[in-house]
Protein chains: 4
Amino acid sequence: MPRTPQQYQQLKEERRSALLKAAREVFARRGLAATKMTDLAAAAGISYGLVYHYFPDKESVFATLVEEAIQDGIRLLTAERQGPGTPWEQLQRFCAQILEHVREETSIPLILVQARASESIPAPVQRALERYTTQFFQQLVELIEAGQSAGQIVKIPAAELARLLLSTVQGLALTQVLPRPDDAPFPATDTVLRLFRP
Amino acid sequence: MPRTPQQYQQLKEERRSALLKAAREVFARRGLAATKMTDLAAAAGISYGLVYHYFPDKESVFATLVEEAIQDGIRLLTAERQGPGTPWEQLQRFCAQILEHVREETSIPLILVQARASESIPAPVQRALERYTTQFFQQLVELIEAGQSAGQIVKIPAAELARLLLSTVQGLALTQVLPRPDDAPFPATDTVLRLFRP
Amino acid sequence: MPRTPQQYQQLKEERRSALLKAAREVFARRGLAATKMTDLAAAAGISYGLVYHYFPDKESVFATLVEEAIQDGIRLLTAERQGPGTPWEQLQRFCAQILEHVREETSIPLILVQARASESIPAPVQRALERYTTQFFQQLVELIEAGQSAGQIVKIPAAELARLLLSTVQGLALTQVLPRPDDAPFPATDTVLRLFRP
Amino acid sequence: MPRTPQQYQQLKEERRSALLKAAREVFARRGLAATKMTDLAAAAGISYGLVYHYFPDKESVFATLVEEAIQDGIRLLTAERQGPGTPWEQLQRFCAQILEHVREETSIPLILVQARASESIPAPVQRALERYTTQFFQQLVELIEAGQSAGQIVKIPAAELARLLLSTVQGLALTQVLPRPDDAPFPATDTVLRLFRP
DNA sequence: CATGAATGAGTCTTCATTCAT
DNA sequence: GATGAATGAAGACTCATTCAT
């Protein structure tokens with residue numbers, strides 16, 4: 001008595017999600033080139049060849065994760081932008097959330113770091129990264145400029161501040177998950193926000 | 001007219017330097033795993049097998065670059081610490097210099113990013129990275145605490161500030177050299193220093 | 001209303017036949033090594049794993065087809081041998097029929113071509129091919145010699161003529177089904193029979 | 001003291017030729033899909049990875065052989081066409097030569113059989129095969145028609161005769177090299193030429 | 001020293017076969 | 001019986017490293 005197509009479909013979804021979750025951790029720590037398919041299979045607790053039932057090759061697993069991470073980032077920012085409060089409060093919440101991701105080692109920001117950290121990333125991933133980064137960056141600039149108009153944010157070119165924030169977040173992600181000999185505490189959101197104080 | 005042993009020695013030194021310089025660029029952009037020996041040879045303009053006259057294997061080229069980068073960072077900080085002026089002025093000069101490195105894409109900070117960005121780094125490199133990072137971090141904390149005693153730096157735990165600075169620098173390195181779709185300007189030193197203003 | 005065992009049996013026979021028919025087409029065009037089990041399942045319109053209800057493995061599907069083809073060839077020749085008319089008329093009818101098979105792209109002769117075209121055919125298939133080819137060849141030689149005794153066939157060693165006929169038939173099969181850029185007409189039986197005219 | 005580029009070049013040519021020669025035998029007997037890279041390396045007496053110094057992948061080795069075989073066939077026909085004698089004599093010499101190839105198991109005609117015998121041949125090879133087959137076929141038709149005008153060849157549509165000849169040659173190649181249980185003698189050129197006698 | 005050919009271990013990928021449902 | 005997910009052995013391909021010249 002075979003399963004219904006729906007059952008198969010659902011099962012497949014679940015497995016696929018589990019695989020992605022496991023793969024995120026592995027890629028985040030090792031990068032694309034240094035990650036082996038066996039690593040992915042082992043991390044997901046499935047057999048070697050089964051990965052290929054869900055993704056055609058290693059790169060496409062990575063690509064999926066990158067797009068996911070990008071979408072998550074955009075969603076985070078957009079949600080706060082549309083939320084209540086002044087621009088400053090929106091920025092505050094956005095920073096708090098994204099830093100929380102980083103602190104919790106959700107691996108999502110690290111995937112973007114890994115994607116950036118190698119030129120030998122497949123071209124489609126490159127393009128997606130460019131496209132969405134631009135979009136994300138623009139939204140952030142708009143938020144900052146709104147805050148500046150309201151006198152809540154220091155009058156430094158918004159693009160400069162935006163880039164600084166993104167760099168800091170990515171840098172923190174990098175120093176959070178990977179060999180961190182130092183017992184340096186994760187910075188408070190307010191500390192990071194000092195960059196924006198008037 | 002054969003060369004003297006000294007000439008040979010010098011030639012070898014020069015080649016080795018040239019190779020390291022070329023390798024730094026390549027590793028900075030691709031990472032250890034994704035860089036091939038042919039890439040190194042091609043970048044240095046020497047033949048394939050000749051790389052092995054200077055280094056026993058790929059990892060040791062990378063390891064050399066990592067240690068170099070670490071030493072450079074420590075030297076930079078130490079020099080300013082021993083230089084004239086108040087702690088604030090020392091911090092200011094240090095930031096200015098290290099940001100200049102990043103902006104100029106000297107690749108030196110990026111090598112550290114690459115070293116951090118993969119768990120699959122050879123153990124000796126790992127250890128060197130840990131050791132020196134600790135040392136570097138301690139010096140930075142001392143500098144910050146000195147500035148705080150002098151009332152020149154905001155009273156936030158020095159370790160937190162130190163980590164934030166290092167993260168920001170590495171994040172900027174990451175977004176400087178690699179595909180950067182955004183035309184975001186490189187931040188001014190003073191903007192970064194806002195993190196430390198009382 | 002459950003089916004009777006007979007009905008089940010019949011259903012199974014039918015499926016098996018359909019599978020063989022589909023497999024014949026696929027193997028004829030791709031050969032044993034290049035044909036995948038998915039190809040067979042897809043061609044037969046059944047599910048992936050179901051093939052294994054009818055055959056233990058891929059090779060045995062192929063082996064079955066080869067034996068079938070051999071038996072068909074022998075049956076064809078034997079039937080004409082036992083039919084009415086002179087040896088020449090028997091040869092004539094045999095050629096007409098086998099060429100008809102080839103022209104109609106029944107795939108039966110092509111299976112034999114595929115079986116011949118690769119050394120990496122399972123040993124049992126090899127042996128069957130040898131055994132039956134010998135048998136078939138002998139019968140054909142006998143027919144030719146009978147025709148020669150009757151003065152109806154040219155006096156060239158019968159084995160030579162037999163081999164030539166078989167080669168021609170297989171060659172025609174090869175050029176009939178596969179990419180045939182040329183619009184060359186399929187030769188008439190009489191043209192082929194010129195080989196045998198006194 | 002390294003070799004000069006010329007020496008390297010020559011060495012490479014020679015090795016490449018040797019590899020092609022060995023590969024021809026293997027592909028001729030096994031076909032593309034059933035041939036393993038280890039087979040090629042072993043047949044050529046070189047190491048596994050070295051094959052990839054000469055060809056980017058398995059298919060391109062095969063493709064090279066197919067083009068070679070096609071060119072050889074065309075060259076053979078063209079040479080005789082431009083040679084002395086009546087059309088009949090030209091045809092006679094062409095048949096003699098190509099049959100000699102087949103008899104000697106030069107493998108060249110078999111490569112074409114193998115190329116025809118599988119749909120799963122890379123597209124470029126497919127196209128080359130089509131293109132050249134057309135060209136070859138046309139020349140053969142012209143030769144036959146010339147012979148017919150001179151009353152030396154039977155008045156059957158030239159295209160039909162041409163196809164028959166090619167099929168016969170390929171069929172003979174197939175039955176020559178591969179498991180041939182029968183001790184059937186290779187047919188004399190004159191026997192094949194009976195197809196064309198008026 | 002310098003060169004690039006040669007080797008083969010390590011990975012990716014495919015796919016025949018098995019198996020739980 | 002029927003389905004397609006799961007497994008893993010086999011084979012293609014890459015590339016670090018060695019070596020003859």
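Residue numbers start from 1 in every chain, and the chains themselves are labelled A, B, ... in the order their sequence lines are given, proteins ahead of strands.
Checking dA12(F), dA5(F), dT17(F) against the side-chain heavy atoms of K58(B) singles out dT17(F) as nearest. The side chain of Y48(C) lies closest to dG4(F) when the candidates are dT17(F), dG1(F), dG4(F). Which of dC1(E), dA6(E), dT7(F) sits closest to the side chain of S47(A) comes down to dT7(F). Residue Y8(A) has its side chain nearest to dT3(F) when only dG1(F), dT3(F), dA6(F) are considered. In the set dA5(E), dC12(E), dT3(F), dC12(E) carries the atom at the smallest distance from any side-chain atom of K36(A).
A side-chain donor-acceptor contact under 3.5 Å links E13(D) and Q9(D). Side-chain contact annotation: Q10(C) with E14(C), donor-acceptor N/O pair under 3.5 Å present.
Look at CG on D57(B): it is 9 Å from C1' on dA16(F), rounded to the nearest Å. Following rounding to the nearest Å, H53(D) (NE2) and dC19(F) (C1') show an atom-to-atom distance of 13 Å. A straight line from CZ of R30(C) to P of dC15(E) spans 11 Å, rounded to a whole angstrom. Whole-Å rounding puts the L19(C) CG to dG1(F) P distance at 14 Å. If you take CE of M37(B) and C1' of dA16(F), they are 7 Å apart, rounded to a whole angstrom. A straight line from CD of E14(A) to C1' of dA5(F) spans 14 Å, rounded to a whole angstrom. A straight line from CD of Q6(A) to P of dA5(F) spans 13 Å, rounded to a whole angstrom. Rounded to a whole Å, the CD atom of Q10(A) is 15 Å from the P atom of dT21(E).
Between the side chain of Y52(C) and the base of dT18(E), no donor-acceptor pair under 3.5 Å is found.
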V66(B)/I121(B) under side-chain contact (heavy atoms from CB on, under 4.5 Å): CA gap, chis, key distance, verdict
CA-CA 11 Å; V66(B) 171; I121(B) 288 298; over 6 Å; no
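R29(A) and E25(A) are joined by a salt bridge, as a carboxylate oxygen and a charged side-chain nitrogen come within less than 4.0 angstrom of each other.
Heavy atoms of F55(A) sit nowhere under 4.0 angstrom from any nucleic acid atom.
Where Y54(B) and G49(D) each meet DNA chain E at their nearest nucleotide, the meeting point lying more 5' is that of Y54(B). In terms of position on DNA chain E, the residue among L50(D) and I46(B) whose nearest nucleotide sits closer to the 5' end is I46(B). Mapped onto DNA chain F by nearest heavy atom, L11(A) and T35(B) fall at different nucleotides, with L11(A) at the one closer to the 5' end.
In this structure, dC15(F) forms a base pair with dG8(E), meeting either the Watson-Crick or the G-U wobble geometry with both donor-acceptor distances under 3.5 Å. Across all strands shown, the partner of dT21(F) is dA2(E), judged by Watson-Crick or G-U wobble contacts whose two distances both fall under 3.5 Å.
Distances shown here put every side-chain N or O of R15(B) at or beyond 4.0 Å from the OP1 or OP2 atom of dC1(E).
At least one donor-acceptor pair under 3.5 Å links the side chain of S118(A) to the backbone N or O of R30(B). Proximity of a side-chain donor or acceptor of K58(D) to a complementary backbone N or O of L32(D) within less than 3.5 Å is detected.
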